[in-house]
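Side chains included, hydrogens not; waters and symmetry mates left out as well; all remaining heavy atoms used. Letters A, B, ... mirror the listed sequences (proteins, then strands); counts begin at 1. In this text, all values refer to a predicted model and were calculated from it rather than measured experimentally.
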Number of protein chains: 2
Amino acid sequence: MSNVLNDRPRVGKETRARVLDVVAHLGYEINLTARHLRAGRTDTVAFVVPGFQTYFDEIADRLAAAFGAQGRHLVVESTGARPENELAALSSVRLSMYDGVILSVAGLTLTEIEGVRTTAPLVLLGEVEVPERFDHVMLANAEGAALATARMLATGSRRIAIAGGDPGGPHDGAGMAAIRRAGWVRAHEGAGLTADPALVAPGAGVGPEVGREAVRHLERSGVDYDGVFAVTDSTAVGVLAGLAEAGRRVPQDVQVVGFDNLDLAEFTVPGLTSVDPGRDAVAHHAARLLQRRIDGATPEPEHVVVPVRLVERGTTRAS
Amino acid sequence: MSNVLNDRPRVGKETRARVLDVVAHLGYEINLTARHLRAGRTDTVAFVVPGFQTYFDEIADRLAAAFGAQGRHLVVESTGARPENELAALSSVRLSMYDGVILSVAGLTLTEIEGVRTTAPLVLLGEVEVPERFDHVMLANAEGAALATARMLATGSRRIAIAGGDPGGPHDGAGMAAIRRAGWVRAHEGAGLTADPALVAPGAGVGPEVGREAVRHLERSGVDYDGVFAVTDSTAVGVLAGLAEAGRRVPQDVQVVGFDNLDLAEFTVPGLTSVDPGRDAVAHHAARLLQRRIDGATPEPEHVVVPVRLVERGTTRAS
DNA sequence: GTGAAAGCGCTAACAT
DNA sequence: ATGTTAGCGCTTTCAC
């Protein structure tokens with residue numbers, strides 16, 4: 001029977017017809033679970049993200065296309081940003097459901113990842129340090145942040161605040177926000193200036209609430225500022241809302257730059273200048289690295305840093 | 001061995017220790033695929049969406065929470081809005097990977113869905129007509145659209161355009177946009193007015209591009225308008241961008257209302273008045289309906305219409 | 001060209 | 001209390 005269903009060559013025409021007839025009659029439905037066990041593959045790859053968010057949506061679309069082209073399915077799972085779930089996703093138990101996993105790391109520390117024993121095809125994504133032995137794709141975070149900051153310095157901003165990422169919080173130090181903050185500092189140094197710690201706005205997370213809260217904080221504190229670097233575009237959207245609320249004109253009074261260049265950035269008012277992380281490249285490398293593991297190769301682990309570029313729109317002044 | 005691993009009761013302490021030792025030593029990792037075959041379950045539920053988008057993200061979060069509470073995993077798959085993929089997701093072949101599936105229908109017609117023979121636990125979601133025999137959760141679309149339109153009429157708008165959803169396009173007629181457009185018409189009638197067909201902006205899709213294009217079209221055509229109902233919030237974001245581009249003030253010159261009440265609606269400038277679909281209710285019903293199918297009941301199919309309400313923000317004038 | 005059977009790795013039932 | 005085994009449904013090999 002399976003010969004017929006899988007279109008094997010050496011089956012008589014009549015037999016094939018007969019089998020197909022019976023199959024249709026009985027309402028037979030193949031059981032994928034059994035096939036997976038037998039085949040040792042599930043033809044499914046998982047993209048595990050900290051949360052269902054626009055940034056990951058845009059990457060997931062590209063991954064789905066890449067894997068779909070080879071007849072593999074992509075599924076997206078969320079860890080809810082809980083480290084224990086990230087670890088669970090790393091355990092081979094969970095991995096054995098999939099031919100491979102691309103895990104976007106958010107909450108785990110280097111030490112926690114170190115402890116993971118896993119031989120299954122796995123690629124790590126995300127703006128944190130990971131052990132040498134894993135394949136890893138990350139962005140040029142510090143460079144991007146520096147690019148953003150330098151752009152505002154070049155067009156006259158001298159007091160550039162930074163919003164998002166819970167500075168000083170429990171997850172700070174090694175995370176994405178910290179690296180981008182380092183780029184913000186570096187750009188100041190590059191211009192012979194010093195970044196003012198008073199311009200680091202508090203607030204945990206990277207959503208719009210954080211951005212709006214950051215601006216409210218700046219306003220309350222009475223500190224002088226004429227630029228805001230938001231660690232993500234999502235944060236930037238909140239920053240724009242906060243600035244409107246405070247009556248600050250963008251970009252005349254305050255320039256704003258985000259990071260991620262979400263599709264949305266083209267539609268804020270004014271359009272959001274943003275650091276483009278080259279999502280195509282991120283997805284491409286993640287898919288490529290996973291593919292070679294799935295193919296059974298055990299190559300040297302690769303650590304890809306995807307370059308970024310600045311996309312200029314209306315939240316920065318013309319140079 | 002399995003007794004030990006699964007914490008069965010009647011195992012001697014010493015035996016347990018010995019087994020665990022060996023297990024650790026050999027680096028044994030359980031094979032979930034085999035377990036799934038044996039158990040006849042995968043403890044995994046799929047949420048199949050037309051695309052990875054904010055609206056579905058916000059529902060997926062809630063579904064993940066609901067199923068996670070019962071020890072089940074949620075995975076999200078995208079059909080890329082291709083009808084053939086939606087059908088594939090409906091086929092029992094694909095269903096057999098999961099304990100159940102929640103499918104958000106976008107591109108399929110009633111007839112196409114009619115043809116589906118499936119006994120697996122399945123719940124349909126989405127703003128289209130579906131066969132009686134399926135469980136289905138949808139929004140009070142026409143009511144919501146009428147609510148939105150009536151709100152703008154009540155505060156002085158007399159020429160309310162509608163943006164998004166490809167009116168007159170191939171998928172028009174039965175889809176979400178058509179139902180919402182019906183609500184827009186109905187609200188006019190309820191006020192003793194007539195909706196002007198010239199105010200139906202062309203353009204396929206529900207993303208921001210469509211909203212901006214819609215406004216550009218209105219401006220080009222020179223038609224008079226003082227309000228825009230966007231069929232989704234995502235479209236509304238584009239509408240706001242378009243209006244800014246055209247130099248129209250919101251809400252003084254043009255009022256705007258969206259549909260979905262995305263988290264983002266609170267952060268546009270000005271804040272977006274929007275129809276809230278009660279996402280909690282949508283997720284709750286979808287999870288509940290799927291659960292009872294998984295539990296093996298074969299109850300009467302249920303067709304839930306989730307009520308909506310209007311959330312007023314800055315894109316509409318005070319009443 | 002066709003049919004039968006072994007075995008993927010697991011676990012629940014059963015025999016010891 | 002412990003060890004053994006049958007069988008989930010598939011596919012591939014092997015015997016006919």
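Atom CE of Met97(B) and atom C1' of dG9(D) are 16 Å apart (whole Å). Between Asp43(A) atom CG and dT11(D) atom P the separation is 11 Å, expressed in whole Å. Separating the CZ atom of Arg41(A) from the C1' atom of dG9(C) is a distance of 17 Å, rounded to the nearest angstrom. The CG-C1' distance, from Asn31(B) to dT11(C), rounds to 13 Å in whole Å. The nearest whole Å value for the distance from the CZ atom in Arg38(B) to the C1' atom in dC10(D) is 16 Å.
A donor-acceptor pair under 3.5 Å is formed between the side chain of Glu86(A) and the backbone N or O of Ala106(A).
A distance of 11.0 Å separates CG in Asp263(A) from CD in Gln53(B), rounded to the nearest 0.5 Å. Rounding to the nearest 0.5 angstrom, the gap separating the CG atom in Asp57(B) from the CZ atom in Arg279(B) is 10.5 Å.
Of the candidate nucleotides dC10(D), dC8(C), dC10(C), dC10(D) has the atom lying nearest to any side-chain atom of Arg35(A). Nearest nucleotide to the side chain of Ala34(B), out of dC10(D), dC8(D), dC10(C): dC10(C). Checking dC10(C), dC8(D), dT11(D) against every side-chain atom of Leu37(B), the shortest atom distance belongs to dC8(D).
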- Message: Could you go through Met176(A) and Phe259(A), starting from their C-alpha distance and side-chain angles, then the distance that decides it, and tell me whether this counts as side-chain contact (heavy atoms from CB on, under 4.5 Å)?
- Response: CA-CA 11 Å; Met176(A) 171 203 79; Phe259(A) 200 120; over 6 Å; no
